[in-house]
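To start, the structure under review is shown below, and the notes come after it.
Chain A is the first sequence line, chain B the second, and so forth, proteins listed ahead of strands; every chain is numbered from 1.
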Amino acid sequence: MPLISPEEYENLTPVQAIELQQQLRKEIRIEPLLKPIQTIAGADISFNKYEETVYAGIIVLSFPPLQEVAKATVISKTSFPYIPGLLSFREIPSLLKAWGQLEVKPDLMVLDGQGIAHPRRMGIATHFGLVTDTPAMGCAKSLLTGKFEALPETAGSASLIYDQEEVIGAALRTKNKVNPVFISPGHRITLEQSLAIIKQCISGYRIPDPTRKAHLLVNLVRTQNMGDKRSTQLDLF
DNA sequence: GCGACAG
DNA sequence: ATCTTGTCGC
């Protein structure tokens, strides 16, 4: 609904960003997926510390096979700093550019961060799902807000994340004796469906395939780009 | 006032 | 998030 151009996100102040989150919050729809998904995508950002250049990427996989079917990467700039609770304002602009270049739009997006497991229920997955009107869920490596009961050490076990009395997500052990990942629905999907689907995306690593492949993709683009710059600079001498 | 705090 | 080598454990 909020048709804001990628550039406009950059100029928001933290206070304005929070106001936008409170406005967007009214549009969140945590409801069942309408149909079984055939494709699932991972999205991530990579960057060098202290630099404004960000490398964003989205990779679409077939589901359940998890074979790559499409991908898009973009190199852009960000001036919005990382502020806990406002991550989406830093990462969404570049992700939207990659989204626009995607030849195949996925049935479900998996973002590296929270969905509704957020102080204002507006994690990056929820925000992205809303602005693209696409089912989206969050898969984070650490918790932003909420509490959960300790869960068994065995892979597959999960424990609900609560904010007071409200269930906002689940901690999921994807591998034996390894820290859990934090799953939460973002938009147009339920927590139960998010969990069921992400469990089918685990292939031996802590991080589920969509997010893991997206992370590898953007890191590759970043390091390759670093190598290019270095060689062109050296060529000047 | 103090602690917590996605990437 | 990124910078980094080896190292402890399944």
Side-chain angles (χ1 to χ4, degrees), chain A residues 9-10 14 17-18 21 24-25 28 42-58 73 75-96 98 109-130 136-148 152-155 161-164 168-187 191 194 198 204-208 210-212 214-227 229-230:
Chain A
Y9 279 96
E10 292 294 299
I18 290 174
Q21 288 185 324
L24 280 172
R25 179 176 186 170
I28 304 173
D44 196 17
I45 297 288
S46 180
F47 59 90
N48 290 312
K49 199 175 182 179
Y50 306 129
E51 291 181 10
E52 294 200 330
T53 301
V54 295
Y55 306 80
I58 298 176
T73 58
I75 300 178
S76 60
K77 304 272 189 183
T78 311
S79 57
F80 203 97
Y82 166 66
I83 299 173
L86 300 181
L87 173 67
S88 60
F89 294 90
R90 172 175 169 74
E91 304 199 344
I92 279 188
S94 50
L95 286 178
L96 285 179
M109 283 290 293
V110 180
L111 282 290
D112 196 0
Q114 320 293 340
I116 62 170
H118 178 284
R120 294 170 293 282
R121 306 294 176 267
M122 282 295 300
I124 188 171
T126 302
H127 197 147
F128 190 91
L130 280 170
M137 59 172 283
C139 177
K141 295 178 292 300
S142 62
L143 203 58
L144 172 61
T145 190
K147 301 197 176 302
F148 66 98
E153 298 283 273
T154 58
I161 300 171
Y162 290 88
D163 182 346
Q164 307 292 46
I168 57 176
L172 171 68
R173 189 90 65 187
T174 55
K175 200 171 189 294
N176 290 317
K177 302 179 180 178
V178 162
N179 290 332
V181 291
F182 304 88
I183 305 301
S184 60
H187 184 54
L191 169 60
S194 298
I198 210 66
Y205 302 93
R206 177 167 88 115
I207 307 302
T211 299
R212 182 169 184 276
H215 191 262
L216 292 173
L217 173 64
V218 295
N219 260 321
L220 186 61
V221 173
R222 178 175 62 88
T223 55
Q224 284 182 338
N225 191 262
M226 290 172 74
K229 280 187 175 175
R230 187 199 308 165

TODO: Answer whether the closest heavy-atom distance between the side chains of T174(A) and I207(A) falls below 4.5 Å.
DONE: no
Open item on the list: Taking the side chain as everything from C-beta on, heavy atoms only, tell me whether Y162(A) gets closer than 4.5 Å to K147(A).
Closed with: no
Task: Dot-bracket line, read 5' to 3' along DNA chain C, where crossing pairs take [ ] and | marks a partner on another strand, Watson-Crick or G-U under 3.5 Å - done: ..........
- [ ] Write out all pairs satisfying salt bridge (charged side-chain N to carboxylate O under 4.0 Å, His left out) with one or both partners inside residues 110-122 of chain A, taking only residues at least two apart or from two chains.
- [x]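 Listed by first then second residue: D112(A)-K141(A), R121(A)-D163(A), R121(A)-E166(A).
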- [ ] Determine which pairs satisfy salt bridge (charged side-chain N to carboxylate O under 4.0 Å, His left out) with at least one residue from residues 169-184 of chain A, sequence neighbours left out, and list them in order.
- [x] E153(A)-R173(A)
Task: Considering all heavy atoms, the nearest L111(A)-A136(A) contact - done: CD2-CB, 4.4 Å
- [ ] Taking all heavy atoms of A43(A) and all of M109(A), pick out the closest pair and write down the distance.
- [x]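 Where A43(A) meets M109(A) most closely, the heavy atoms are CB-CE, 3.7 Å.
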- [ ] Determine which bases of DNA chain B form Watson-Crick or G-U wobble pairs with both distances under 3.5 Å, and write the result as a 5' to 3' dot-bracket string with | for other-strand partners.
- [x] .......
TODO: Map N219(A) and K177(A) onto DNA chain C by nearest heavy atom, then report which one ends up closer to the 5' terminus.
DONE: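 Looking at DNA chain C, the more 5' nearest nucleotide goes with N219(A).
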Open item on the list: Exactly one of L217(A), N219(A), T73(A) should register a side-chain contact (heavy atoms from CB on, under 4.5 Å) with S46(A). Which one does?
Closed with: N219(A)
- [ ] Consider only side-chain N and O atoms of N48(A) and R222(A), and report whether a donor and an acceptor are under 3.5 Å apart.
- [x] yes
Open item on the list: Taking any atom closer than 4.0 angstrom to a non-hydrogen atom of chain A, what span of DNA chain B does the protein reach, first nucleotide to last?
Closed with: dC5(B) to dG7(B)
Task: Span of DNA chain C, from the first to the last nucleotide whose atoms fall under 4.0 Å of chain A heavy atoms - done: dA1(C) to dC3(C)
TODO: Check every strand shown and say whether L86(A) touches a base, only sugar-phosphate, or nothing at a heavy-atom separation below 4.0 Å.
DONE: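 Base, at least one base atom sits under 4.0 Å.
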